[in-house]
Amino acid sequence: MKLEVSKSSIVQFENRRQLYLAKIGHEQMICLQPDNILKLAGEQHEIEGQPVFIAPKSHENAEIIRNAVPWTAPSPLNSGGVSFGLGDRLGIAAPGHISAVKNYQAQPVFAQQSVRELDLTGRSYEEIIDAATWSVLQEGYRLPWSADGDHLKSGEWVRKACEAGCTMITADLSDTLHPEYERSLVSVLQEDYKKIDDSYRKRIESEYLSKQFALVSGRSLTFTEKELMKTVLLYRDAIEFAESLFQICGEFEQKISFEISIDETLYPTSPEAHMFVARELQSRGVEFTSIAPRFVGEFQKGIDYIGDLAQFEKDLSVHQAIAETYNYKLSVHSGSDKFSVFPAIGKICGNDFHIKTSGTNWLVALKTIAAQNPVLFRQIHFAAKKAFETARGYYYVTTELDDATDIDSLTDEELTNLFDKPGDRQILHISYGELFKNPEMKDSVFSVLTDNLDSYWAELNLHIDNHFTALNVRKRGEN
Ligand code: ZN
């Protein structure tokens with residue numbers, strides 16, 4: 001038996017005892033030298049005259065290691081500073097993410113998946129956190145990182161994510177919002193508003209009507225009667241629901257950062273509504289670290305921002321002022337590849353925001369496959385087009401099937417150029433769930449990537465580094 005030790009993984013314990021990861025044949029294993037001080041499940045061996053305890057990378061062993069080696073366990077999000085969600089869809093991207101993030105003053109969220117992503121990839125929160133633990137151990141990343149139960153819409157899922165060890169919960173309030181009131185006539189608003197109980201209305205009116213809410217920016221917000229009725233009807237249920245999810249988080253031992261997501265709706269969040277949600281939650285004792293409003297324009301998956309840049313800057317400035325006034329940070333969702341708005345986000349939010357990227361590592365994986373195995377990539381592109389109508393049921397995209405490039409006309413060398421085309425990017429981006437329903441294709445994807453991990457990680461490092469640079473995130477050691 002020969003051990004190929006991953007040097008960056010070595011952890012020293014007392015009395016020259018060591019823990020490290022090593023490849024034995026094709027498989028990476030946990031090694032303890034000379035003996036099993038952590039009480040992992042595994043077997044004692046002798047390799048080249050040295051005693052080594054060898055254990056598999058199982059969930060049970062991951063739990064033990066997280067307890068014994070603190071930096072391999074997730075932490076809550078820092079309340080200030082930049083934090084960066086890096087959902088790892090395949091469970092093999094994190095080392096590439098680590099090589100980018102380690103150079104910047106940003107707290108990474110290496111484990112971040114929504115229920116939708118779990119369903120489409122057939123993974124669990126336990127597996128996602130374990131994958132992050134192994135990557136962090138392998139790369140020797142010793143700074144705090146988080147695990148986000150992303151876009152959770154029910155108490156049941158919040159519980160599952162917390163039980164698995166998530167240290168961040170993103171409460172998705174979209175199912176309890178009432179966007180139908182966005183365009184309602186005043187008479188409809190009045191009628192429905194009257195149905196709300198008296199004491200609640202009285203309190204709200206005395207607190208919000210004919211008042212000025214000064215923001216740190218110098219601007220102040222006010223509510224007209226109509227605006228207040230609308231806001232209450234739109235958000236009252238959502239606020240109550242958020243409170244119930246927050247209480248569930250409190251049942252767990254670990255400290256959990258709570259994010260409020262009201263971004264998955266068609267209408268931009270008005271500044272008044274944003275402030276109302278924040279104030280009401282705070283008055284109920286809901287402690288949240290971030291809010292994701294729905295900004296003007298469109299943040300679609302895998303492509304640049306769609307909309308008017310000047311208008312976005314204005315909108316972002318007000319939301320940022322609200323977040324600063326009430327002391328939490330803004331969260332920008334579907335934040336991958338939004339290169340045209342990154343400078344504005346960096347300028348307006350300074351070094352205090354959360355941003356989520358997720359599927360972009362899947363696109364980088366496909367780009368790696370296009371470069372390494374054009375035959376497989378052509379099959380994937382074909383299958384993604386076939387799956388597009390189904391896949392667009394899960395994601396909001398404006399791409400149409402006609403936007404796909406006819407790749408038969410491209411040489412193998414030209415295939416990676418597809419990743420500059422928004423249409424092909426989106427078709428490929430949203431197709432993973434449908435592609436993975438074909439086990440042969442799933443196996444081929446993983447096998448090409450595992451054979452080319454170094455190129456995959458190098459490409460990811462470059463891509464994520466471009467995000468940090470455009471956002472003007474401070475490098476480590478910089479003031
Ligand atoms: Zn979102």
Side-chain angles (χ1 to χ4, degrees), residues 77 82-89 109 111-121 125 128 146-154 157-158 161 166 168-177 179 234-235 238-239 241-242 245-246 257-270 273-274 277-278 281 288-307 312 315-316 319-320 323 328-338 341-342 345 349 353-362 391-398 426 429-430 432-433 467 471:
L77 221 53
V82 174
S83 40
F84 210 95
L86 294 152
D88 176 358
R89 209 160 262 180
V109 181
Q112 170 203 289
Q113 302 277 282
S114 62
V115 176
R116 170 173 66 192
E117 288 167 313
L118 293 180
D119 280 349
L120 292 175
T121 53
Y125 278 120
I128 287 165
S146 298
D148 180 7
D150 194 11
H151 275 287
L152 302 184
K153 294 181 171 186
S154 73
W157 272 101
V158 168
C166 281
M168 173 175 179
I169 291 295
T170 299
D172 182 333
L173 310 186
S174 33
D175 289 352
T176 48
L177 296 178
L234 259 156
Y235 290 98
I239 289 164
F241 182 59
L245 297 184
F246 176 71
S257 307
F258 197 61
E259 171 161 312
I260 301 294
S261 141
I262 46 174
D263 64 306
E264 301 232 330
T265 175
L266 279 176
Y267 301 99
T269 312
S270 74
H274 175 182
V277 171
L281 286 172
F288 51 90
T289 29
S290 43
I291 291 188
R294 162 75 160 85
F295 297 106
V296 294
E298 287 190 19
F299 281 72
Q300 289 189 25
K301 306 285 169 189
I303 58 170
D304 207 338
Y305 176 74
I306 303 173
F312 174 75
D315 190 46
L316 181 68
H319 287 296
Q320 172 64 17
Y328 53 90
K329 54 185 172 184
L330 283 184
S331 177
V332 180
H333 286 196
S334 301
S336 74
D337 309 290
K338 303 296 177 288
V341 290
F342 285 158
I345 295 174
C349 302
F353 59 86
H354 185 64
I355 188 159
K356 292 196 190 202
T357 71
S358 60
T360 204
N361 57 75
W362 163 241
R392 76 189 304 177
Y394 310 120
Y395 289 101
Y396 174 70
V397 291
T398 43
Q426 287 204 313
H429 188 287
I430 65 171
Y432 63 101
H467 284 65
L471 284 159

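It should be emphasised that the depicted structure is a prediction, and the values quoted were computed from it without experimental measurement. Whatever order the structure lists ligands and atoms in, that order sets their numbers, starting from 1.
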- [ ] For residues V109 and D150, determine if any side-chain heavy atom of one lies less than 4.5 Å from a side-chain heavy atom of the other.
- [x] no

Task: Non-neighbouring partners of E264 that pass salt bridge (Lys or Arg N to Asp or Glu O under 4.0 Å), sequence neighbours left out - done: none

Task: Cut-off under 2.8 Å, centre the Zn ion (ligand 1), protein N/O/S atoms - done: H151 NE2, D263 OD2, H333 ND1

Open item on the list: Set out, in order, the CA-CA distance, both residues' side-chain angles and the distance that settles side-chain hydrogen bond (donor to acceptor under 3.5 Å, both in side chains) for S290 and K329, then state yes or no.
Closed with: CA-CA 5 Å; S290 43; K329 54 185 172 184; over 6 Å; no

TODO: Indicate yes or no: at least one non-hydrogen side-chain atom of H467 is less than 4.5 angstrom from one of F342.
DONE: yes

Task: Check: W362 and I430 side chains under 4.5 Å, non-hydrogen atoms - done: no

- [ ] Please check if the distance between the ring centroids of Y432 and Y394 is under 6.0 Å.
- [x] no

